[in-house]
Amino acid sequence: MTGDDAAAGSGGHVTVDATGMLCPLPIIELAKAARGLAAGTEVTVIATDVAARVDVPAWARMTGNEFVGEKKTDGAGMALTVRLR
Amino acid sequence: MFLDASGSAPMTNRTLEAFHAGLADGWADPARLHTESRRARQLLDASREAIAEALGARPEHTHLAHSPHAGLERATAGIFAARRGRDRIVASAVERDATMHAAHHVAAGDLTMVPVDARGHVDLDAFAAELAVPDVALAAVQHANHEIGTVQRLDRVAEATTAARVPLLVDATASIGHGPAPQHWDALVANPADWGGPAGLGIVALRPHTRWLPAWPEGDDWAPGGVLVPAVLAAAVALQERREVLDETSLRLHRMIARVRDAAAGWPGVDVVGDPDERLPHVLTFSCLYVDGEALLSRLDREGVAVGSGSACTTSTLEPSRVLAAVGALSHGNVRLGLHPGVTDADIDRLLDLLPRVIADLRDEAGAPEIA
């Protein structure tokens, strides 16, 4: 359930798999994954909970990070990306 | 302590007494011709007149419905039916579900939602641009939002609808009894339970010029089967009671909400929502990062504190509040307050003492990271 948040890519990109989690868990997992990462790193949350669409951009605003955008995934979920500052 | 009064406020003793008196004197069917029915009819008519007067409406154009929800539905359907050849409805993105569902239904999906800014004010330029297209049957913009409290600039909204000759439906279900009634509307819907009257009653006021057709089988009857006469009497008495001390109550509750707003804005990871000034006196919502809204409500309830929430986990659909989404607010860990006139400063003291501890506990339990 914690996803592959340890698997930071060489391009500074981390993915958090929050599939099946309900709010506020996707945001808690996002915050845990973002902790200690360098500014400029992008973190993508894969979520099926519709609240994540609202809460990932709100989290970015509240924590001084930048919301990059949303993409559909191959499955039922969505991929929401933030860039850390 | 009860801090979830938006939409259903506790009844005062005076209102309860009126309700009981209504049961004793107004039990008969007001549509029949004998003495008992005439007494019920008199109570019903006098109560409706008093409510109409408080709304700035004409009694003969003030209709009773079985709920505010039904009132919004019938007003939408009735006005839409009289606008042949125009089949689109334009609404602000923060209207109630009842308005949205009715609009979606009668306009067969031809519904345009106009965005709001971060404080919840409708985008007036986008609104006017939508009305410039001559296919609009009806525009729906609420007076004030029941979740975030933001009061719309209805004078500006009405400038646009008047210029486009589009009837304006104003949902005032969150505002009547809490401040001055709005003046700019062609149709107005109010909710007696919100001002401390009984639930199960809605009020629809129309301007004399507002055209409508019965889009339902019962002709000009807006409440088929009739309404509960004692409920209408109690609604009128409750509104009268609110209006006698309206300025004082409004000022007092406005200050209490300002205290909570200021305090909550200083708590780490809390998103305070809505317009700090152009707002209802008694309504506030804020969201707490990394907190489960349902757990927060349950914890507060165990402490004897009743609040509302717009978080997805607290709604029947498991979807977050559309209003919070429209203003870009955090949707989880949401607390919604609606103060009634009986709330005291000591209640607010206790709330402000309790909330930061409960929020911190729930974050700990969820293993949430520290907030910088």
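What's counted below: heavy atoms across the whole structure, side chains too, no hydrogens, waters or symmetry copies. Proteins get letters first, then strands, A, B, ... in listed order; numbering begins at 1 in each.
Within the 4.5 Å cutoff, no side-chain heavy atoms of B/V305 are placed close to those of B/F2.
No donor-acceptor distance shorter than 3.5 angstrom exists from the side chain of B/D194 to the backbone of B/S8, with no hydrogens or angles considered. Proximity of a side-chain donor or acceptor of B/S309 to a complementary backbone N or O of B/N334 within less than 3.5 Å is detected. The main-chain N or O of B/L330 is found under 3.5 Å from a side-chain atom of B/S287 such that the two form a donor-acceptor pair. Not a single donor-acceptor pair under 3.5 Å links the side chain of A/T44 to the backbone N or O of A/T15. Checked by atom type and distance alone, the side chain of B/T285 pairs as donor or acceptor with a backbone atom of B/V335 at under 3.5 Å. Of the possible polar contacts, none joining the A/E42 side chain to the A/T81 backbone as a donor-acceptor pair under 3.5 Å is found. The backbone N or O of B/L289 sits less than 3.5 Å from a side-chain atom of B/R363, completing a donor-acceptor pair. The backbone N or O of A/L37 lies less than 3.5 Å from no partner atom in the side chain of A/T41, so there is not a single donor-acceptor pair. Between the B/S331 side chain and the B/L324 main chain, no donor and acceptor come within less than 3.5 Å of each other.
Residues of residues 256-284 of chain B placed with any heavy atom under 4.5 Å of a heavy atom in chain A are listed by number as B/G269, B/V270, B/D271. At a heavy-atom cut-off of under 4.5 Å, chain A is reached by no residue from residues 96-121 of chain B.
For A/R61, the part lying under 4.5 angstrom from a heavy atom of chain B is the side chain only. In this structure, no portion of A/L22 lies under 4.5 Å from any heavy atom of chain B.
B/Q152 and B/S92 share no donor-acceptor pair across their side chains, judged by distance under 3.5 Å alone.
Between chain B and the residues A/V56, A/V54, A/D55, the most heavy-atom pairs under 4.5 angstrom are made by A/D55.
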